[in-house]
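The basis for the numbers below is simple: all heavy atoms, side chains too, and nothing from hydrogens, waters or symmetry mates.
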Amino acid sequence: MSKIYLPIDNFNEYACYTIYDKDTIRAYKTMPQSNSSSNYKDYFINSHYLERDGLQQWGNYNTNLPVCFDKGNLTNEYMYRNDIMDILVVFVLIILIIYIPINNLIKRFFRGMKVF
């Protein structure tokens with residue numbers, strides 16, 4: 001299994017990580033158990049890792065508790081982001097938008113000065 005990027009510095013901060021749906025990784029502060037509740041944070045992996053906090057409760061009748069996956073599958077290395085291409089395109093566009101006007105300004109300023 002390949003690594004999953006999450007923007008978390010310390011993965012031990014949460015007790016359980018689970019795939020909530022195809023676009024969301026949910027991190028629980030405490031281990032999910034019957035007749036308990038846990039604060040969680042959702043990470044939307046296809047929406048530039050936006051986050052949402054919440055609280056989930058489980059009763060005695062609840063038999064489908066979340067299945068946690070191994071924290072070893074998580075990473076915070078930026079090269080594993082699935083939106084790295086979007087970030088690079090925006091970076092190049094910003095550089096071009098800044099470079100072209102400054103370059104033209106410098107050329108116009110030094111146009112009359114010719115060196116032999």
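Atom CD1 in Ile25 sits 14.5 Å away from atom NZ in Lys41 (nearest 0.5 Å). The CG atom of Asp42 lies 4.0 Å from the CZ atom of Arg26; values are rounded to the nearest 0.5 Å. The structure places NZ of Lys29 at 13.5 Å from SG of Cys16, a figure rounded to the nearest 0.5 Å. The OH atom of Tyr78 sits 11.0 Å away from the OH atom of Tyr5 when rounded to the nearest 0.5 Å. Put simply, CG on Asn39 and OG on Ser37 are 7.0 Å apart, with the number rounded to the nearest 0.5 Å. To the nearest 0.5 angstrom, Ser36 atom OG is 7.5 Å from Leu65 atom CG.
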Practice prompt. Test Val92 against Leu88 for side-chain contact (heavy atoms from CB on, under 4.5 Å), laying out the working first.
Written response: CA-CA 6 Å; Val92 168; Leu88 291 175; 5.5 Å; no
Item to complete: Dump the intermediate steps for side-chain contact (heavy atoms from CB on, under 4.5 Å) on Asp86 and His48, then the final yes or no.
Response: CA-CA 9 Å; Asp86 298 336; His48 304 288; 3.5 Å; yes
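A salt bridge does not link Lys3 to Glu77: none of the charged side-chain nitrogens sits closer than 4.0 Å to a carboxylate oxygen.
Phe44 and Ile4 fall into different hydrophobic clusters, defined by Ile, Leu, Val, Met, Phe, Trp and Tyr side-chain heavy atoms under 4.5 Å apart, directly or through other members. By the rule that hydrophobic residues join a cluster once side-chain heavy atoms approach within less than 4.5 Å of another member, Tyr49 and Leu74 end up as members of one cluster. A single hydrophobic cluster is seen to contain both Phe109 and Ile98, as judged by linkage of ILVMFWY side chains at heavy-atom distances under 4.5 Å, directly or through other members. Under a hydrophobic clustering in which Ile, Leu, Val, Met, Phe, Trp and Tyr are joined whenever their side-chain heavy atoms come within less than 4.5 Å, directly or via other members, Phe69 and Ile8 fall into the same cluster. Linking Ile, Leu, Val, Met, Phe, Trp and Tyr whenever their side-chain heavy atoms come within less than 4.5 Å puts Tyr43 and Phe11 in one cluster.
In this structure, the side chain of Asp21 engages the main chain of Thr24 through a donor-acceptor pair within 3.5 Å. Using a distance-only test at 3.5 Å, with no hydrogens or angles considered, no donor-acceptor pair links the side chain of Thr18 to the main chain of Cys68.
The shortest side-chain heavy-atom distance between Ser38 and Pro32 does not fall under the 4.5 Å cut-off. Residues Tyr14 and Thr30 form no side-chain contact, since every pair of their non-hydrogen atoms from C-beta on lies 4.5 Å or further apart.
Each of Ile97, Leu96, Val90 was scored for a side chain to side chain contact (heavy atoms under 4.5 Å, CB included) with Ile94, with one residue passing: Val90.
Annotation: Asp9, atom CG; neighbour count of heavy atoms from other residues, nucleotides and ligands within 6.0 Å does not exceed 12.
Here the closest heavy-atom approach between residue Ile45 and residue Lys22 is recorded as CD1-O, 4.1 Å. Scanning both residues, Glu51 and Pro7, for their nearest heavy atoms gives OE2-CG, 4.1 Å.
Here Tyr40 and Trp58 keep their ring centres 6.0 angstrom or further from each other.
Judged purely by distance below 3.5 Å, without hydrogens or angles, the side chains of Asn46 and Asn82 pair a donor atom with an acceptor atom.
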